[in-house]
Structure formats: C-alpha cells, structure tokens
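Encoded as structure tokens, the structure appears first; notes follow it.
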Amino acid sequence: IFVRSGTYLENIDITKTISLIGENKRDTIIYGGEGYDTVVHIKAEYVSLTGFTVRGSHTDYYEAGLDVDFCDECNVTDNIISDNYVGVGLYGGSRNTFCRNTIVNSYLGVSLSPNLQYATLKDNVLANNTYDLVFAEVHSSNDIDASNLVDGKPLYFLTNQKNILISPATFPEIGFL
C-alpha cells in the first residue's frame, strides 16, 4: 500500500502481512497524538514498513513509536522514529531487518529483547535519546554492526569474546559498546 505525504493521526495495529510504503519519510507522518498507546504495533509476519516518520507515543509512559512483537521476517527500513517514550521495541521474532532508520528524541531509543534472533540491524542512526540502546541480554545470532551510529559514533556489539582489549588502539572511534 502506497501512502501519500501527509500527517495521519493514527495508532496502527498491523495484524496481517502487508507492505506500507510512505511517499517521503520526512513528509509522510504517522502521529500517535501523544496518547497512551504504541503508534505502529507490528503483530504479523512478513510486514514491511518503509518511508515514514513515526512519532508521538506518550513521552511519560512505556509506549513506543514502533513495536515489532514476536513476528518473523519483518522489514523496517528508511524511517524516522522520533519523540516517543520508546523509539523502537524489538520484542522477539526471527529474521527481522531493521536498517537505515533514524531514531531520535526519545527516552529509550531502541529496546531489544532476549527473544530476538537472527535479526539484522545496520546503518541506523540513534541520537539525542536519553538512553540510546537498552537490552537485558541479546542473542548472539543477531547481526548488529558498527554501521549503526550512536550520537555520531559507531556501535560495537561484541558477543562471545574473550581476552579482548578495549582501547583507543583497538577501537579508535568507539562510541557505544
């Protein structure tokens, strides 16, 4: 479904396989209205969300701009997610792709659950969030690389490492480890 530029006052629960493509990520806005609900809640397999600004979950309550909730094979690419309590919640599922998104001006930028497996997180920008990345434990099968930037510096996600020296010599531009 192609969505024309405009501001849409919505809270969307996606419960069926669908591709939503915004005309322009700066001008195709899904605005949650600062309510006590997640703005876009993905609850189905094989969902694609591309080309939107997602903003306006309540900033004082644990709701997100975007949640991917125990779904497989979802693709969230080229979006701006801003002004939420949680920018993005990735709460499980397998083989989800989260690339080229900008997550800004939220309390928690990205929240990852231990149930997330074989996910790809690349080329995302996290900036001006109180806490950019939050997780209790993340499965080592996930592909989270240094193309992700936190306040302009690369994110290093190390798993199953032993006897590694973390220093400016081994990680010259370390931003978030």
Side-chain angles (χ1 to χ4, degrees), residues 1-117 119-136 138 142 144 148 150:
I1 296 175
F2 182 76
V3 180
R4 295 264 180 222
S5 292
T7 299
Y8 301 90
L9 180 59
E10 301 284 342
N11 294 94
I12 302 170
D13 285 339
I14 299 173
T15 59
K16 296 182 180 181
T17 298
I18 192 169
S19 289
L20 293 175
I21 303 165
E23 183 173 12
N24 176 317
K25 69 181 174 183
R26 299 206 185 284
D27 300 323
T28 312
I29 301 165
I30 305 170
Y31 176 60
E34 306 292 325
Y36 290 94
D37 201 3
T38 293
V39 181
V40 176
H41 197 162
I42 298 174
K43 302 176 181 180
E45 317 287 319
Y46 304 100
V47 170
S48 179
L49 183 76
T50 303
F52 291 91
T53 291
V54 177
R55 65 182 179 91
S57 72
H58 197 275
T59 55
D60 293 329
Y61 190 72
Y62 197 83
E63 296 298 341
L66 172 72
D67 275 345
V68 178
D69 208 358
F70 295 95
C71 304
D72 297 336
E73 304 278 349
C74 293
N75 181 3
V76 177
T77 305
D78 282 324
N79 299 287
I80 299 168
I81 300 153
S82 68
D83 304 299
N84 300 289
Y85 186 84
V86 178
V88 176
L90 301 175
Y91 298 121
S94 183
R95 295 172 305 281
N96 293 305
T97 302
F98 189 75
C99 297
R100 296 185 310 277
N101 298 288
T102 300
I103 303 97
V104 294
N105 302 329
S106 296
Y107 182 71
L108 304 175
V110 176
S111 178
L112 303 176
S113 87
N115 300 314
L116 184 68
Q117 296 183 31
T120 300
L121 282 80
K122 293 189 177 193
D123 298 309
N124 297 293
V125 174
L126 290 85
N128 205 32
N129 301 296
T130 304
Y131 299 98
D132 287 294
L133 183 64
V134 177
F135 54 89
V138 177
N142 294 310
I144 303 171
N148 296 290
V150 175

CD1 (Ile103) and CG (Leu126) are apart, to the nearest 0.5 Å, by 4.5 Å

Please collect all salt bridge (Lys or Arg N to Asp or Glu O under 4.0 Å) contacts where either partner lies in residues 98-110, sequence neighbours excluded, each pair once. Asp78-Arg100

From Leu90, Asn124, Asn101, Val40, residue fulfilling side-chain contact (heavy atoms from CB on, under 4.5 Å) relative to Val76: Asn101

Partner set under side chain to side chain contact (heavy atoms under 4.5 Å, CB included) for Thr38, not counting sequence neighbours: His41, Glu63, Ala64, Asp67

Pairs flagged by salt bridge (Lys or Arg N to Asp or Glu O under 4.0 Å) wherever residues 104-117 is involved - sequence neighbours left out: none

Output the distance between atom OH (Tyr46) and atom SG (Cys71), rounded to the nearest 0.5 Å. 11.5 Å

Not counting sequence neighbours, list each pair that qualifies as a salt bridge (Lys or Arg N to Asp or Glu O under 4.0 Å) and has a residue in residues 7-18. Asp13-Lys43

Quick check for you: to the nearest 0.5 Å, what is the distance between Thr53 atom OG1 and Tyr31 atom OH? 13.0 Å

Could I get the full list of side chain to side chain contact (heavy atoms under 4.5 Å, CB included) partners for Ser48, not counting sequence neighbours? Ser19, Thr50, Asn75

Is a donor on one side and an acceptor on the other found under 3.5 Å between the side chain of Asp69 and the backbone of Ile42? no

Under a 3.5 Å distance rule, please check whether Asp27 uses its side chain to pair with a backbone N or O of Ser5 as donor and acceptor. no

Using 0.5 Å steps for rounding, measure from the CZ atom of Phe52 to the OG1 atom of Thr77. 12.5 Å

Applying the side-chain contact (heavy atoms from CB on, under 4.5 Å) test to Leu108, which of Asn129, Leu133, Val86 qualifies? Val86

Would you say Asn84 and Ser57 are linked by a side-chain donor-acceptor pair, where the criterion is simply a distance under 3.5 Å? yes

Taking only residues two or more places apart in sequence, or in another chain, which ones meet Glu45 in a salt bridge (charged side-chain N to carboxylate O under 4.0 Å, His left out)? none

Centroid separation under 6.0 Å, is that true for the rings of Tyr131 and Tyr107? yes

Asp72 side chain to Ser94 main-chain N or O, any donor-acceptor pair under 3.5 Å? yes

